[in-house]
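Excluded from the calculations below are hydrogen atoms, water molecules and symmetry mates; all remaining heavy atoms, backbone and side chain alike, are included. Residue numbers count from 1 along this sequence.
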Amino acid sequence: QVELVESGGGLVQAGGSLRLSCAALGFTFNSHVMSWFRQAPGKEREFVVAVTWSGKDPYYAESVKGRFTVSRDNAKNTMYLQMNSLKPEDTAVYYCAAGRRWTIVTADYELWGQGTQVTVSS
């Protein structure tokens, strides 16, 4: 079965940290671009960060640059998102996605996880 499974979300106070994980099952993880997106209530899904198969030179949205760090372990078929200095505006459902193209466009990604809720209290 081909799927992405996110975990690690939760409730944290502003200034705190969380680490999200995205486990890839049933496909060739190391041949895909992997990304994180998020969707806040009443808003469209937005790009957070993309990382190539090698894990080098990730591309971050300006809103998270310097606070979030993406990594991937191809041996474990898992991608991570370390989120530091969290702000209330980071509150959203976080989704991981897999695709063949280097892109920040939501529609270009072929496979999505079910999402994990991140809530940052002020």
Original post:
Is the CH2 atom of Trp102 crowded by more than 12 outside heavy atoms at less than 6.0 Å?
Top reply: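 Yes.
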Subject >> Tyr60, OH: over 12 other non-hydrogen atoms inside 6.0 angstrom >> reply: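 Counting other residues, nucleotides and ligands, OH of Tyr60 exceeds 12 neighbours.
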Original post:
How are the rings of Tyr94 and Phe68 set to each other: parallel, tilted or perpendicular (split at 30° and 60°)?
Top reply: tilted
Original post:
Between Leu20 and Met83, does a side-chain contact (heavy atoms from CB on, under 4.5 Å) hold up when you go through it step by step?
Top reply: CA-CA 8 Å; Leu20 307 183; Met83 305 185 296; 3.8 Å; yes
In Å and rounded to the nearest 0.5 Å, what is the [atom1] to [atom2] distance from [X] to [Y]?
X      : Y      : atom1 : atom2 : answer
Asn30  : Asn77  : CG    : CG    : 7.5 Å
Thr78  : Leu4   : OG1   : CG    : 10.0 Å
Cys96  : Glu6   : SG    : CD    : 4.0 Å
Asp108 : Arg100 : CG    : CZ    : 14.0 Å
Gln117 : Gln39  : CD    : CD    : 11.0 Å

[X]-[Y] co-clustered via ILVMFWY side chain contacts under 4.5 Å:
X     : Y      : value
Trp36 : Phe47  : no
Tyr59 : Tyr109 : yes
Val2  : Val5   : no
Val93 : Val48  : no
Val64 : Phe37  : no

Does [X] reach the main-chain N or O of [Y] with its side chain, forming a donor-acceptor pair under 3.5 Å?
X      : Y      : answer
Thr103 : Arg101 : no
Thr116 : Ser7   : no
Arg45  : Tyr95  : no

**OP:** Given side-chain contact (heavy atoms from CB on, under 4.5 Å), test Arg38 with Ser63 step by step and report yes or no.
**Re:** CA-CA 12 Å; Arg38 66 187 182 185; Ser63 58; 3.5 Å; yes
Grab the two heavy atoms, one from [X] and one from [Y], that are nearest each other, plus how far apart they are.
X     : Y      : value
Ala14 : Ser122 : CB-CA, 4.4 Å
Arg72 : Asn74  : NE-OD1, 2.9 Å
Asp73 : Phe29  : O-CE2, 4.1 Å
Met79 : Ser35  : CE-O, 3.4 Å
Ala98 : His32  : CB-CD2, 4.1 Å

Original post:
For Arg67 and Asp90, what are the C-alpha separation, side-chain angles and deciding distance, and is it a side-chain contact (heavy atoms from CB on, under 4.5 Å)?
Top reply: CA-CA 11 Å; Arg67 299 187 299 122; Asp90 294 317; 2.7 Å; yes
